[in-house]
Amino acid sequence: MSLHIYNTLTRSKQRFEPLVAGRVGMYVCGVTVYDHCHVGHARVMVAFDVIYRWLMQLGFDVSYVRNFTDVDDKIIRRANELNVDCKALTDEMISAFYTDMDALNCLRPTSEPRATEHMPEMIGMIEKLVDKGLAYVADNGDVAYAVRKFDGYGKLSGKKIDELESGSRVDVDEAKRDPLDFVLWKQAKPDEPAWDSPWGKGRPGWHIECSAMSCTQLGATFDIHGGGMDLKFPHHENEIAQSEGANGKPFAKVWVHNGFVNINQEKMSKSLGNFFTVCEVLKKFQPEVLRMFILGTHYRSPLDFSDQALETARHGLDRLYETKRRLASLCEEKGVRSEEHAYALRFANAMNDDFNTPEALAVLFDLARSINRALDQGEDVSGIAGDFGTLNGLLGITQQDAENWFQSDDDLDVALIESLIAERNEARKQRDFGRADAVREQLAQMNVILEDGPHGTSWKLK
RNA sequence: GGCAGGGUGGCCAAGUGGUAAGGCGGAGGUCUGCAAAACCUCCAUCGCGGGUUCGAUUCCCGCCCCUGCCUCCA
């Protein structure tokens, strides 16, 4: 089957056809860099990383753009709290962001624009909106978007302006002509970062940056726009209003939104304070475990976070690594090649069906079993072994050396372990199983599990 | 209140108009000195009630429950 993607705009799965044959433009809303990212952010990054990888696998030349919001109320507030300037804060957080993303094995997008580096584009777009009568300068000097002037407002989130208004709990800003209007440009306040503009010194509103940067880098109309579910409204709705209003052309063709990460069935979020940062999680689990955990659920479904769920993901990964380890010892001898692609085909069908990673993982597990079975029976696995590595790579898992995966720990005395194993094997040779078991028990105390195989004894950490 | 998305085995999680992938976990077995790993076998009728259909978990209607968005939020 060909690639089908669920489009929030049409609320249906549709066959994906790029605007320009062979090329895909994809914009994903990144993070506001005022704090470390948490598991919810990690999910977006991993979800779109997999999408990016799969699009490339399909042969598309992908322009993947993901922004950094580096000017914003929260950044200003946090910088003030820490008594540093905004730039220092955002630089630090961007660097931390990269540390996390690299650990999670997320490929770098082709472009990562920062809001502060695109002031002229934003200002230009706001000017266009003002010229067209879609935006106005309010009494307090802010520039606001007149939502009711834009016809399609609400088409993405399925909201109707009047219903929004009745349910609105927004504090009514007196300067706005309509409570739903949103700010494009804010007048500068003392001691805040500010830029010159036709409306005086100020800074952009949140939504305009994504419109300006996506259109600048990908054109007025592009293929895919993504982000977390919570950005659907108002952020993405406003982006549409801005971009289509200014350009007079359709904005993104396909809208992709990933589901939340929950804790105890409740959304993980900064405001609820129930979040875990990526680096916290990585203190307890290897990065691939987090990635595996995320891939185990379809990107649009809610994902419940818990240590137990991570533990389960780790065990699943162990299983794949066991197969990788067996193949690794094999490859050293004669190498493997791939001839038969039944599994690769199943995998492709899964991924083409709206990036169904749980299904794709199931294929991987089936493939692992098939390889193990063949290996157990001494059969040739050269026909399918190559695919195992390839498919794992497409999901970005099982990328470490297998031996290392099972044995990695910071303070591990490998020499001691190996001498104990030698000691035990000597005992086994003497058929002194009491002593052999005692040594094994001693190793078990160190969390070391032994596996006696035809080619000797291997070990791993519990 | 409006809108959106869900309720599948002990847990997690896919999926399909013709009696349900995969992972974790559990039970038994093969292998092993014993283990471990691997392999084999087994462990669900899909929230409730109707309807359409030869046949529904999958389509329709009603109900119950959960979550999210409607405010900054991935």
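Not measured: the values here are computed from a predicted model. In the text below, chain A, chain B and the rest are named by the order of the sequence lines, each starting its count at 1.
Checked against C69(B), A4(B), A38(B), the side chain of Lys232(A) finds its nearest nucleotide in A4(B). Checking C39(B), A74(B), A14(B) against the side-chain heavy atoms of Phe260(A) singles out A74(B) as nearest. Closest to the Pro358(A) side chain, of the nucleotides A74(B), A13(B), A37(B), is A13(B). Looking at the side chain of His298(A), the nearest of the listed nucleotides C70(B), A14(B), A37(B) is A14(B). The side chain of Arg11(A) sits closest to A4(B) out of A21(B), A4(B), A74(B). Side-chain proximity of Leu231(A) to G22(B), G33(B), A74(B): nearest is A74(B). Picking from G5(B), G22(B), C39(B) the nucleotide with the shortest atom distance to the side chain of Tyr6(A) gives G5(B). The side chain of Asn258(A) sits closest to A74(B) out of U71(B), A36(B), A74(B).
In this pair, Trp255(A) and His257(A) present their aromatic rings parallel. The plane angle is below 30°, not in the 30 to 60° band. Ring-plane geometry between Phe68(A) and Tyr98(A) is classed as perpendicular, the angle between the planes exceeding 60 degrees on a 0 to 90 degree scale with a lower cut at 30. Note on ring orientation: taking the six-membered ring where Trp is involved, the planes of Phe182(A) and Tyr153(A) are parallel (angle under 30°, cut-offs 30° and 60°).
The phosphate of G23(B) (OP1 or OP2) has a side-chain N or O of Arg369(A) nearer than 4.0 angstrom. At C72(B), none of the side-chain N or O atoms of Arg78(A) fall inside 4.0 Å of OP1 or OP2 (strictly under the cut-off). For G33(B), the OP1/OP2 oxygens have no side-chain nitrogen or oxygen of Arg428(A) closer than 4.0 Å. For the pair Thr8(A) and G5(B), the criterion of a side-chain N or O lying under 4.0 Å from OP1 or OP2 is not met. Proximity of Lys267(A) to the phosphate of C69(B): a side-chain N or O atom is located under 4.0 Å from OP1 or OP2. Within the structure, a side-chain polar atom (N or O) of Asn372(A) is placed less than 4.0 Å from OP1 or OP2 of C39(B). Distances shorter than 4.0 Å separate some side-chain N or O of Arg319(A) from OP1 or OP2 on A38(B).
Summary of the strand contacts: Ala313(A) and Thr297(A) both lie near RNA chain B, and taking for each the nucleotide with the nearest heavy atom, the more 5' one is attributed to Thr297(A). Residue order along RNA chain B, read from the 5' end via each residue's closest nucleotide, puts Glu359(A) first among Val31(A) and Glu359(A).
Note on Val363(A): nothing from the nucleic acid sits closer than 4.0 angstrom, heavy atoms only. Residue-level contact check: Gly227(A) touches the backbone only, with heavy atoms under 4.0 Å from sugar-phosphate atoms and none from bases. Within the 4.0 angstrom heavy-atom criterion, no nucleotide atom of any strand lies near Arg314(A). Looking at heavy-atom distances under 4.0 Å, Glu451(A) makes contact with a base. No engagement by Ser458(A) is indicated, since no non-hydrogen atom pair under 4.0 Å with the nucleic acid exists. Among the protein residues, Asp366(A) comes within range of the sugar-phosphate backbone only, with heavy atoms under 4.0 Å from sugar or phosphate atoms but none that close to a base. Using a 4.0 Å heavy-atom cutoff across all strands shown, Ile449(A) reaches sugar-phosphate atoms only and no base atom. Heavy atoms of Met268(A) sit under 4.0 angstrom from at least one base atom. Looking at heavy-atom distances under 4.0 Å, Arg43(A) makes no contact with the nucleic acid at all. Across all strands, Lys270(A) comes closer than 4.0 Å to no nucleic acid atom at all (heavy-atom distances). Here Gly30(A) lies in heavy-atom contact (under 4.0 Å) with sugar-phosphate atoms only. Lys460(A) comes within 4.0 angstrom of sugar-phosphate atoms only, judged by non-hydrogen atoms across all strands, and of no base.
With hydrogens and angles left out, the side chain of Asn356(A) and the base of G15(B) share no donor-acceptor pair within 3.5 Å. Judged by atom type and distance alone, Arg440(A) reaches the base of C34(B) through a side-chain donor-acceptor pair under 3.5 Å. One cannot find a donor-acceptor pair under 3.5 Å joining the base of G5(B) and the side-chain atoms of Arg300(A). For Asp452(A) against C34(B), a side-chain-to-base donor-acceptor contact under 3.5 Å is present.
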key: From CA spacing to verdict: salt bridge (charged side-chain N to carboxylate O under 4.0 Å, His left out), Asp230(A), Lys267(A)   = CA-CA 10 Å; Asp230(A) 45 0; Lys267(A) 179 186 171 188; 3.4 Å; yes
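In summary, Glu311(A) and Arg314(A) engage in a salt bridge, as defined by a charged side-chain N under 4.0 Å from a carboxylate O.
A27(B) and A35(B) have their P atoms separated by 14 Å, with the value rounded to a whole Å. Nucleotides G26(B) and C11(B), compared at atom P, are 15 Å apart to the nearest Å. Separating the C1' atom of U16(B) from that of G28(B) is a span of 32 Å, rounded to the nearest Å. Distance noted for atom C1' between C43(B) and C24(B): 14 Å (whole Å). Across the C1' atoms, A44(B) and A21(B) are found 13 Å apart, a figure rounded to whole Å. A56(B) and G49(B) have their P atoms separated by 14 Å, given to the nearest Å. For U57(B) and G7(B), the C1' atoms lie 12 Å apart once the distance is rounded to whole Å. Straight-line distance between the C1' atoms of U41(B) and G5(B): roughly 39 Å, to the nearest whole Å.
Under the Watson-Crick or G-U wobble criterion, with both distances below 3.5 Å, C34(B) is left unpaired in every strand shown. Using Watson-Crick or G-U wobble geometry with both donor-acceptor distances under 3.5 Å, C42(B) finds its partner in G26(B). Pairing partner, G1(B): C70(B), with both Watson-Crick or wobble hydrogen-bond distances short of 3.5 Å. U19(B) is unpaired under the criterion used here, namely a Watson-Crick or G-U wobble arrangement in which both key atom distances are under 3.5 Å.
Side-chain N/O atoms of Ser63(A) and Gln217(A) include no donor and acceptor closer than 3.5 Å. One side chain, Glu209(A) or Asn67(A), offers a donor N or O that lies under 3.5 Å from an acceptor on the other.
For Tyr27(A) and Tyr64(A), the gap between ring centers reaches or exceeds 6.0 Å.
Within a 6.0 Å sphere centred on CZ of Phe233(A), other residues, nucleotides and ligands contribute more than 12 heavy atoms.
Rounded to whole Å, atom P of G22(B) lies 14 Å from atom CG of Leu367(A). For Phe305(A) and C11(B), the CZ to C1' distance is 17 Å, given to the nearest whole Å. Between the CG atom of Leu317(A) and the P atom of G22(B) there is a distance of 19 Å, rounded to whole Å. If you measure from atom CG of Asp230(A) to atom P of G5(B), you get 17 Å, rounded to the nearest angstrom. The nearest whole Å value for the distance from the CZ atom in Arg373(A) to the C1' atom in C40(B) is 9 Å.
Looking at heavy atoms from C-beta onward, Arg326(A) lies out of side-chain contact with Ile371(A) at the 4.5 angstrom threshold.
The aromatic ring of Phe365(A) does not stack onto the base of G22(B), failing the criterion of a centre distance under 5.5 Å from the six-membered base ring together with planes under 30° apart.
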